[in-house]
> 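Would you mind keeping the following structure in view while I ask a few things?
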Protein chains: 2
Amino acid sequence: MLTQTAIRSAAAVSSIRQFNHASASPHQASVADVSPLAQHIQLSGAAMSFPRNAEIFGENESADYLYKLISGTVRTYKILSDGRRQIGGFYLPGDVFGLEFGDEHTQSAEAMSDAKVLVVKRSTLTALAGRDAAVARDLYALTARELQRVQNRILLLIKTAQERVASFLLEMAERVPCGDAVELPMSRQDIADYLGLTIETVSRTLTSLESAAAIEVPTSRRIVLRNRPELNRLNG
Amino acid sequence: MLTQTAIRSAAAVSSIRQFNHASASPHQASVADVSPLAQHIQLSGAAMSFPRNAEIFGENESADYLYKLISGTVRTYKILSDGRRQIGGFYLPGDVFGLEFGDEHTQSAEAMSDAKVLVVKRSTLTALAGRDAAVARDLYALTARELQRVQNRILLLIKTAQERVASFLLEMAERVPCGDAVELPMSRQDIADYLGLTIETVSRTLTSLESAAAIEVPTSRRIVLRNRPELNRLNG
DNA sequence: CGACCATTTGATATGGATCAAGCGATGTGG
DNA sequence: CCACATCGCTTGATCCATATCAAATGGTCG
């Protein structure tokens, strides 16, 4: 159950507490931070740490908390009965996840690297939204973005492997704006499960894009976008 | 070539038939209808009619209205630059569509058959939601269901053709609860674009399911589920 | 009856999966 | 410091599910 997961880690909470004010990594300063919702999370959120590959919450656990990622990377996913895994999304520092409509989480969430998150009770947040229209609007906006992403993913999944990989690279480049170089926080397997492909196909597609001079792959985790127009064209 | 049996439940058939026509069909008195939101729509919604294949709204148009389907069937969809079409959803009488988070529609909507809808201004609805918590909750619930559906679709799209078709049939059977007979309101092309397959593959999969005695296909638009456990197994 | 459209069926092609091997980086114990 | 296991990634060979191309069938409406 979620509560167990949360409580289990709650032990680690207090020790981490000082950490989040002090350590202001460059990643943490984002647009979202100035919103009323973000301020509330910053002020009253409990800090928690999760080691690499730890589960933050599981599918079907009750969705009592909302999470804001401070550092590290998180993936959400579903597992089919035969073991196939579909990654629902990758979350970077500043992103909010665990946002649910129903009472239960529809996906599981895992830390991809050691991760620090701020946790707020969903009930207090909705109560706050009832009093403060600005908070409600923020929640709304977060949801809007989330739904948009999901719908784009559906479009993604009817495309070819090249198109999927190109879309993925452009999406990541947009989310980690560092010029044309993207430092991927996830493995090939994660990318494959996100795009509905196999690692082999992802790998082959990347080398093929490299041959076409659309990208460069200096190391497996770093990708340089050399020809965005071409990638956009592939994007469909 | 498969034998078309004459033994068919005629009772189920006629009840499905009138589902599409009668604008005061008993089907409309569903859960949604007793909700405050539904009542408001019923009272202050403007009735509009759309002929078969007419556009109800287009992608990128401003999303000023919310629609509730009274009779007929509606599809929402997106078109990729090269003409591929992804159907976002099918809507049956009683369903609400056009629900958006942003200012613009992210999909187009078309009447699949002559359709009657009730239309309400989104602004009045959100204003109402601000005053009446029950309305807000209803809007929330609608959105929750919508998101759930979208997420399930993502899972669908990583499955095999058989699994997709099986899931589709079970979904439709659930939405048009008439025992084990499903009267499909959409063409094979629509189904294909919904499932991310081709018409040929949909057709072949149906015949293969029929050979496996999981379903019967007395006419192309009517499907009888003969072996739900088997379909559920295929569902993944 | 005949034209038209949706659907099914058949033959073939192909993109991506699968199976299998190689390779480079990282870490571990002797 | 070096053999050597391990792990993530790439590359190669082959297979297979679905797409594509093409034709036959069947239902509907004039």
Side-chain angles (χ1 to χ4, degrees), chain A residues 52-53 73 75 80 82-86 112-113 156-169 183-212 215-223 234 236, chain B residues 1-6 52-53 73 75 80 82-86 112-113 156-169 183-212 215-223 234 236:
Chain A
R52 185 168 145 76
N53 290 327
T73 323
R75 64 178 161 243
L80 285 181
D82 65 354
R84 275 172 293 180
R85 181 181 69 159
Q86 169 65 31
M112 296 167 64
S113 57
L156 226 192
L157 291 177
I158 68 166
K159 298 186 191 172
T160 66
Q162 268 218 342
E163 292 170 329
R164 296 187 207 192
V165 172
S167 303
F168 170 73
L169 291 177
E183 184 82 18
L184 298 177
M186 73 288 286
S187 70
R188 293 286 186 271
Q189 186 62 62
D190 286 330
I191 299 175
D193 289 348
Y194 182 70
L195 298 179
L197 301 169
T198 58
I199 35 173
E200 292 95 330
T201 298
V202 170
S203 180
R204 277 186 243 274
T205 305
L206 285 173
T207 45
S208 127
L209 286 174
E210 192 169 28
S211 314
I215 62 172
E216 271 173 55
V217 191
T219 81
S220 71
R221 290 289 184 111
R222 160 164 313 227
I223 310 243
L234 288 176
Chain B
M1 189 73 239
L2 299 146
T3 333
Q4 312 293 3
T5 337
R52 185 170 144 77
N53 289 327
T73 323
R75 65 177 161 245
L80 286 181
D82 64 353
R84 273 171 296 178
R85 182 181 68 158
Q86 169 65 30
M112 296 166 65
S113 56
L156 228 193
L157 291 177
I158 68 165
K159 299 186 191 171
T160 67
Q162 268 219 341
E163 292 170 330
R164 296 187 208 192
V165 172
S167 303
F168 171 73
L169 292 177
E183 180 82 13
L184 298 176
M186 71 289 285
S187 71
R188 292 287 185 272
Q189 186 63 63
D190 286 330
I191 299 175
D193 290 348
Y194 182 70
L195 299 179
L197 300 169
T198 60
I199 35 173
E200 293 96 329
T201 299
V202 171
S203 181
R204 276 186 243 273
T205 305
L206 286 173
T207 46
S208 126
L209 287 175
E210 193 170 29
S211 313
I215 62 172
E216 275 173 50
V217 191
T219 80
S220 71
R221 290 291 183 111
R222 177 167 314 138
I223 310 240
L234 288 176

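Just so we're on the same page: letters track the sequence lines, and every chain starts at 1.
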> Rounded to whole angstroms, how far apart are CD1 on A:Ile199 and P on C:dC19?
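Whole-Å distance recorded here is 12 Å.
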> Please give, in whole Å, the distance from C:dG15 P to A:Leu195 CG?
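My rounded result for the distance is 18 Å.
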> Just how far, in rounded Å, is C1' of C:dG16 from CG of A:Leu157?
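Spelled out: CG on A:Leu157 to C1' on C:dG16 is 14 Å.
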> Specify the separation, in whole Å, of atom CD of A:Glu210 and atom P of D:dT10.
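So the CD-P distance, A:Glu210 to D:dT10, works out to 9 Å.
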> Please confirm whether the shortest side-chain N or O distance from A:Thr207 to OP1 or OP2 of D:dT11 is below 4.0 Å.
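It does, given that an N or O in the side chain of A:Thr207 lies less than 4.0 Å from OP1 or OP2 of D:dT11.
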> Between B:Leu206 and A:Gly196, who's closer to the 5' end of DNA chain C by nearest nucleotide?
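Looking at the nearest nucleotide for each, B:Leu206 comes out on the 5' side.
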> Find the distance B:Arg188:CZ to C:dT9:C1' and express it as a whole number of Å.
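Going from B:Arg188 (CZ) to C:dT9 (C1'), I get 14 Å.
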> Measure from CD1 on B:Ile223 to P on C:dT8 and round the result to the nearest Å.
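Atom-to-atom, B:Ile223 to C:dT8, this comes out as 8 Å.
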> Should B:Thr160 be listed as having a side-chain N or O under 4.0 Å from OP1 or OP2 of D:dA17?
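B:Thr160 to D:dA17 OP1/OP2: no side-chain N or O under 4.0 Å.
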> Is any side-chain N or O of A:Ser203 closer than 4.0 Å to OP1 or OP2 of D:dT11?
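No.
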> Kindly indicate whether the side chain of A:Arg85, heavy atoms from C-beta on, has any atom under 4.5 Å from the side chain of A:Arg75.
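Contact flag for A:Arg85/A:Arg75 side chains = yes.
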> Who are the side chain to side chain donor-acceptor pair (under 3.5 Å) partners of A:Gln162, not counting sequence neighbours?
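Listed in chain order: A:Ser208.
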> In whole angstrom, give the distance that lies between atom CE of B:Met112 and atom C1' of C:dA6.
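From B:Met112 CE to C:dA6 C1': 14 Å.
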> I'd like to know if the side chain of A:Glu210 reaches the main chain of A:Ile215, judged simply by a donor and an acceptor atom lying under 3.5 Å from each other, with no hydrogens or angles considered.
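Between the backbone of A:Ile215 and the side chain of A:Glu210 there is no qualifying donor-acceptor contact (under 3.5 Å).
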> Quick one: does A:Arg204 reach the base of C:dG15 with a side-chain donor-acceptor pair under 3.5 Å?
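When only heavy-atom distances are counted, A:Arg204 does not reach the base of C:dG15 through any donor-acceptor pair under 3.5 Å.
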> For the side chain of A:Glu200 and the base of C:dC19, is some donor closer than 3.5 Å to an acceptor across the two?
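Donor-acceptor pair under 3.5 Å: yes.
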> What is the distance, to the nearest angstrom, from the CD atom on A:Gln189 to the C1' atom on D:dC9?
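These atoms are roughly 11 Å apart.
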> Which part of the nucleic acid does A:Leu197 contact within heavy-atom distance under 4.0 Å: base, sugar-phosphate only, or nothing?
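Counting heavy atoms under 4.0 Å across all strands, the contact made by A:Leu197 is with sugar-phosphate only.
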> Once you apply a heavy-atom cut-off of 4.0 Å, does A:Arg221 come out as touching a base, just sugar-phosphate, or nothing?
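Sugar-phosphate: the residue A:Arg221, judged by heavy atoms under 4.0 Å, touches backbone atoms but no base.
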> Tell me whether the OP1 or OP2 atom of D:dT18 has a side-chain N or O from B:Thr198 closer than 4.0 Å.
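Checking B:Thr198 against D:dT18: no side-chain N or O falls below 4.0 Å of OP1 or OP2.
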> Only counting residues at least two apart or in another chain, list the ones meeting side chain to side chain donor-acceptor pair (under 3.5 Å) with B:Ser203.
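B:Ser203 satisfies side chain to side chain donor-acceptor pair (under 3.5 Å) with no residue once adjacent residues are dropped.
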> Taking any heavy-atom pair under 4.0 Å as a contact, classify B:Ser220: base, sugar-phosphate, or nothing.
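Counting heavy atoms under 4.0 Å across all strands, the contact made by B:Ser220 is with sugar-phosphate only.
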> Is A:Thr201 near enough to C:dG16 that one of its side-chain N or O atoms lies under 4.0 angstrom from OP1 or OP2?
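Answer no for this pair, as no side-chain N or O of A:Thr201 is under 4.0 Å from OP1 or OP2.
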> Looking at A:Asp193 and A:Arg188, does any basic side-chain N land under 4.0 Å from a carboxylate oxygen?
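So A:Asp193 does not pair with A:Arg188 through a salt bridge.
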